[in-house]
Amino acid sequence: MKSKISILLVFYSLSISAQIFPATHTSVHENLLSLDYSSGLFFERGEYSYLSDLERLNLSTYNSFAQPAAPILTSHASDLEICTGHSTRLTATSGHSIYWYTVPPPLGTPVATGPIFITPILSTGYYTYYAVAENNGVRSEITSMEVVMVYPSPSLTVTSNATSVCANETATLTVSGTTYYEWEFGPIASQMTITPIETQTYKVTGINTAGCKSTVEFTQHVDLCYTEYLANSVSKKSNSFPLEETGESIFSVFPNPNNGAFTIHLGDVTQNTRVEIYNALGQLIYSSKISEELTAIAIDDVPNGIYVIRILEKDKVQRQQKILKG
C-alpha cells in the first residue's frame, strides 16, 4: 500500500512540474518565481531562496535561452525633434544586448550596439530607427521603433534701402525668411537703422517656430563722399593706429588693442576739447570733455569689437581713430 502511495506522489509531482516550463527543461516551483517583464526572464521570488540546487541550475539554463522582451525606449522627447545639420541621441533599456537598425530587422545589419545610439548628422526629413534585444542568439520577437523628425533651418535674406551711403548717413536694413530675428548688437526686430562711419558688416540670427536658427551677414558699403565729414577731419587713421603729429599737434591712443581701459594722449587741449566714442553701428556710447594731455578712459561695460574715437573742438571733428576692444 505504501509503495502505491509513493508512486502516485511521484507521478503527481512530475505532472505539476511539466506545466511550469517546456518539457525540455526540468521544472522549478512556479510559486517561487517572478517574471521580469523588461527582460523576459524568471527570478527567485522573495528575500530567501527555497529552490534546490538542481532547480536553480534548471532555472539558469532556461533563462539562458529564453526569448527576451523588446527593448524599452527611453529617448528624451527633445532628442526626437531636432534641426537639420545635427545628430541626436537615442536610448533604450533591456536586460540583454541591444542592437540598432535603420531598416526593420532581420533585414540589414546593425548600425550600433548598446543602450545608447548617436546618429550621424541628419538632413531635413524624418528617420526611423529600430531596436531589438538579443539573448544568446535569441532575438526579441517584437521590435522597438523610434522616429526622429528633422526640421529645416530658416533661409534668411538681408537687404538695405541704400546700396551705398556716405559716412554718418542713415540706412535701414531689413531681414526676411522667418518670424523671429536678433541683430548682433542691435534690436530684436526685422529691421535695424544704422549710421555707419565706414563700410561695416552686420550679423543677424533668425529662429523659426521649430526652434531652428541660422545666421547671415550683410555688408553695408560706405562712401566717404569728400563732404564736410572730411573737411572737419584732420586725419583718418589706419588700422595700425600710429602716433600722429601735425605741426605741434599730437594724438595717440594706447594700449591698442585693449580690454576697454586706455589712455588718450593729446598735444593741444583747450576748454572746448571733447572726446566721443562710437560703436560699429554709429551709436554714441561715450562723451566727455578733455582738460589734460593724458586722459584715462574706461569702456569695459560694452561688448568687444571695433570702436571709433573722435576728438572735437567746438563740435567740429578734428581727429579720428579706431580702437579694438577684445
Side-chain angles (χ1 to χ4, degrees), residues 19-49 51 55-154 207-214:
Q19 298 177 20
I20 300 176
F21 287 113
T24 54
H25 300 284
T26 302
S27 174
V28 181
H29 292 297
E30 184 178 17
N31 62 335
L32 300 181
L33 302 179
S34 62
L35 174 64
D36 177 16
Y37 290 97
S38 65
S39 62
L41 303 183
F42 285 93
F43 296 92
E44 296 182 53
R45 178 184 298 163
E47 182 178 356
Y48 302 101
S49 173
L51 299 181
E55 288 174 326
R56 191 171 295 108
L57 176 62
N58 292 334
L59 173 63
S60 174
T61 301
Y62 177 82
N63 281 341
S64 296
F65 296 95
Q67 186 174 70
I72 299 174
L73 300 174
T74 57
S75 302
H76 195 277
S78 61
D79 292 326
L80 302 180
E81 294 186 354
I82 64 172
C83 300
T84 186
H86 293 80
S87 63
T88 191
R89 169 191 173 107
L90 303 180
T91 59
T93 59
S94 174
H96 307 282
S97 299
I98 299 176
Y99 293 89
W100 298 88
Y101 293 78
T102 55
V103 295
L107 300 176
T109 57
V111 294
T113 305
I116 299 175
F117 170 42
I118 305 298
T119 71
I121 301 297
L122 301 177
S123 301
T124 302
Y126 71 91
Y127 299 80
T128 304
Y129 295 96
Y130 306 86
V132 296
E134 188 174 296
N135 177 30
N136 285 328
V138 180
R139 180 178 294 165
S140 57
E141 188 175 273
I142 300 176
T143 300
S144 300
M145 183 177 68
E146 200 80 280
V147 178
V148 178
M149 298 297 301
V150 184
Y151 297 99
S153 296
I207 306 175
N208 60 22
T209 54
C212 301
K213 63 174 63 176
S214 59

| request: Quick one: closest heavy-atom pair of Ile98 and Ala131, and the distance? | output: CG2-CB, 4.3 Å
| query | Which value, rounded to the nearest 0.5 Å, describes the distance between Ile121 atom CD1 and His86 atom NE2? | reply | 7.5 Å
| When you look at CE of Met149, are more than 12 heavy atoms from neighbouring residues, nucleotides or ligands closer to it than 6.0 Å? | yes
| note | Applying side-chain hydrogen bond (donor to acceptor under 3.5 Å, both in side chains) to Glu146 and not counting sequence neighbours gives Ser75
| said: Looking at every non-hydrogen atom in both residues, tell me the closest pair between Ser214 and Ser153 and how far apart they are. | reply: CB-CB, 4.3 Å
| said: Suppose the criterion is disulfide (SG to SG under 2.5 Å): which pairs have a residue in residues 75-138, not counting sequence neighbours? | reply: Cys83-Cys212
| request: Enumerate the residue pairs fulfilling side chain to side chain donor-acceptor pair (under 3.5 Å) with a member in residues 100-114, sequence neighbours excluded, ordered by first and then second residue. | output: Tyr101-Arg139
| Between Thr91 (side chain) and Thr74 (backbone), is there a donor-acceptor pair under 3.5 Å? | yes
| said: Under a plain distance cut-off of 3.5 Å, with no hydrogens placed, do Ser94 and His96 share a side-chain donor-acceptor pair? | reply: no
| said: Tell me if a side-chain donor or acceptor on Ser144 pairs with a main-chain N or O of Leu73 at a distance below 3.5 Å. | reply: no
| query | Can you check side chain to side chain contact (heavy atoms under 4.5 Å, CB included) on Val148 and Asp79, steps first, answer last? | reply | CA-CA 8 Å; Val148 178; Asp79 292 326; over 6 Å; no
| message | Using modelled atom types and a 3.5 Å cut-off, is there a donor and acceptor pairing between side-chain atoms of Thr119 and backbone atoms of Thr88? | response | yes
| said: Closer than 3.5 angstrom, by distance alone: can the side chain of Thr124 be matched with the main-chain N or O of Thr84 as a donor-acceptor pair? | reply: no
